[in-house]
Protein chains: 2
Amino acid sequence: MELRQLRYFIKSAELLNFTVAAHNLYISQSTLSQQIKQLEDELGMPLFDRIGKRVRLTEAGSQFLPFARLTLSDAESGRAVIDDLKGLKTGELRIGVTYGLSTLLTPVLVQFSAQYPEVKIIVEFGTSEDLLDKLKSTRVDFLLSFLELQDNDMFISQRLYESPLTLVVHPSNPVADKKSIAIKDLKDIPLVLPAKGFHTRHFLNQALAENNVQPNIKMELNDINTLLQLVETGNFCTIMTVAAAKGRQTLKTIPIKGLNVISQASITWPKDSYRKKAALVFTEMIKKQMK
Amino acid sequence: MELRQLRYFIKSAELLNFTVAAHNLYISQSTLSQQIKQLEDELGMPLFDRIGKRVRLTEAGSQFLPFARLTLSDAESGRAVIDDLKGLKTGELRIGVTYGLSTLLTPVLVQFSAQYPEVKIIVEFGTSEDLLDKLKSTRVDFLLSFLELQDNDMFISQRLYESPLTLVVHPSNPVADKKSIAIKDLKDIPLVLPAKGFHTRHFLNQALAENNVQPNIKMELNDINTLLQLVETGNFCTIMTVAAAKGRQTLKTIPIKGLNVISQASITWPKDSYRKKAALVFTEMIKKQMK
DNA sequence: TTACATCCATTGATAAAACCGATTTAGAAA
DNA sequence: TTTCTAAATCGGTTTTATCAATGGATGTAA
């Protein structure tokens, strides 16, 4: 049993497709096949069922998987400890972010990178489920998201701030003069909204349904940046958290009366695992810049 | 970084002598040297200081060590989970025992081995400190000892039973007829006692000192079995826990009045780590046979 | 001080094994 | 049926883990 084999096993278990997994691991399919077989031989039990051309985890495989993950994660923590001793002169920092928080992230990215140029930063955008998956398998060090999960066995959250949903408009837009807008009036405003899968959209849908409002949705897209660019043309408005719209000086936010959906931005850590110094420093920067 | 290298590193860190460590690992010294170097290169920091012909852990090495241990331990747990799925038809069971409890252990060893002949059992005798060390580095699955440690971060104990210290004699010995004996009278009886390092001896010394009794110690030895054989000659008596003397039908135990030292036998587990089925079954057998 | 023993690093050679491309095998799909 | 696709297997190549022998450095005993 070697860490290499555990890495191979985990990827294969995640993708349930040796060919794709091998490609992902930058090895050949035959190598992967052999290494898995070797691991199975050593353990004395198959980890995968080969049903025809499909593979799926055996009972043994499912039971083994969390331990394989744990093993690899501990090894990574060991590496992180060493990196930390180098005083942030090296190492990697992997951050998982929901799209809506990119505006919060960017200035800190710039600041951190300037202060610790030797630390390589990998930012992973994704939906909440994607990100939780990545956190679980320690492919990111922490999450920046609107997830509100009660602390459980695997994760622990720190609240950052609350951000209400708001209407975002360009000054040239007719609506731009209003001090606030009633939720009912949303039906008359041409909207471009974040696509399904965005937490914002999820909350919004719920609130609109409760108020029996049929919004006038012109477009849905899954990239906040593009979405805001569309709003900047003055032709559309959008609805998102105040935090997400922040930093776009050209745009205006208008409170929506009666829409009391508030997103809770938070940092989520894996429980019981080493927090590398780079991650701690980074999150502190985030907390600081919010003030 | 591979598990093999972590294994090498841990052993080297424990022994602080590459030559001996290599011998222990059944590899050549040059191999060990190279593998350590390779690990250090990958981590980007030396794990050992080479001062002349000595080696010692660097700061990085000390910090890395617990993670290396954790990593290996998790990998072992993974293996154990698989073994458990085989229904005790395979695998290893490593038991740490203090000498005084061997008599408790033996019948269970016989029973377990008969019931699960496929499970290989390794019994490690040792002093309490030895055993705790082994438990810490997961070289045994659990301990059977008289250690009374309050539950802490690393270990958790289950009480088994209390066993008072008692005088053990052969029927041919003049003392054998007495129903009980006063602690003061111990000074007249030729004793062979467990050597220093045995918890029994530790407690006994304390009790004798408290009562101002100078015992007549003829011999000290660090093997309970030999000790009892000496007692069986009828020439000597000994003092140990009732439990330790149990099973020697030829010998008689005589309560010592005024000696209220009671040893607490217990099972000690590492906290937060997987308990293999074989270990659970075995400890249940122990609990059962005590009734 | 010299000679010796001990310990780790290095070297060069060898055996092991990780890896790959090509091919085979076997379900699934057409 | 044929075709397609995914995993296993085969033969060969490269990599690397390993060893014995050696060198260098450092304590130790004469």
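Each chain gets a letter, A, B and so on, in the order its sequence line appears, and its residues count up from 1. Quick caveat, the model's predicted, so the values are computed rather than measured.
- For C:dA9, one of the phosphate oxygens OP1 or OP2 lies less than 4.0 angstrom from a side-chain nitrogen or oxygen of B:S33.
- Looking at heavy atoms from C-beta onward, A:Q34 lies in side-chain contact with A:S30 at the 4.5 angstrom threshold.
- For C:dC19, one of the phosphate oxygens OP1 or OP2 lies less than 4.0 angstrom from a side-chain nitrogen or oxygen of A:Y8.
- In terms of phosphate contacts, B:R50 brings a side-chain nitrogen or oxygen within less than 4.0 Å of OP1 or OP2 of C:dA9.
- Atom pair B:E40:CD and C:dT10:P shows a separation of 11 Å (rounding to whole Å applied).
- For C:dC19, neither phosphate oxygen OP1 nor OP2 lies less than 4.0 angstrom from any side-chain nitrogen or oxygen of A:S28.
- Using a 4.0 Å cut-off between charged nitrogen and carboxylate oxygen, A:K86 and A:E118 do not count as a salt-bridge pair.
- One interatomic measurement links the two molecules: CZ of B:R4 to C1' of C:dA18, which rounds to 11 Å at whole-angstrom precision.
- For A:S30 and D:dA7, the shortest distance from a side-chain N or O to OP1 or OP2 is not below 4.0 Å.
- Across the protein-nucleic acid pair, B:D49 atom CG and C:dC8 atom P stand 13 Å apart, rounded to whole Å.
- At the phosphate of D:dA6, neither OP1 nor OP2 sits under 4.0 Å from any side-chain N or O atom of A:Q29.
- For the pair B:D41 CG and C:dT10 P, the interatomic distance rounds to 10 Å; values are reported in whole Å.
- Rounding to whole angstrom units, CZ of residue A:R54 and P of C:dG27 are separated by 13 Å.
- Taking atom CD1 of residue B:I51 and atom P of nucleotide C:dA9, one finds them 12 Å apart after rounding to whole Å.
- Residues B:E220 and B:V192 are not in side-chain contact: their nearest non-hydrogen atoms beyond the backbone lie 4.5 Å or more apart.
- Annotation: side chain of B:E124 is not in contact with side chain of B:I95 (no heavy-atom distance under 4.5 Å).
- The backbone N or O of A:T58 sits nowhere less than 3.5 Å from a side-chain atom of A:D49 that would complete a donor-acceptor pair.
- Residue-level contact check: B:F48 touches neither bases nor backbone, having no heavy atom under 4.0 Å from any strand.
- Relative to the side chain of A:I27, the nucleotides C:dC20, C:dA18, C:dC8 differ in distance, and C:dC20 lies closest.
- Between B:H23 atom NE2 and D:dA20 atom P the separation is 11 Å, expressed in whole Å.
- The phosphate of D:dA7 (OP1 or OP2) has a side-chain N or O of A:N17 nearer than 4.0 angstrom.
- For A:R56 and C:dA28, the CZ to P distance is 12 Å, given to the nearest whole Å.
- Applying the 4.0 Å criterion to OP1 and OP2 of C:dA18, one finds that A:Q38 has a side-chain N or O inside that range.
- Among the protein residues, A:Q35 comes within range of the sugar-phosphate backbone only, with heavy atoms under 4.0 Å from sugar or phosphate atoms but none that close to a base.
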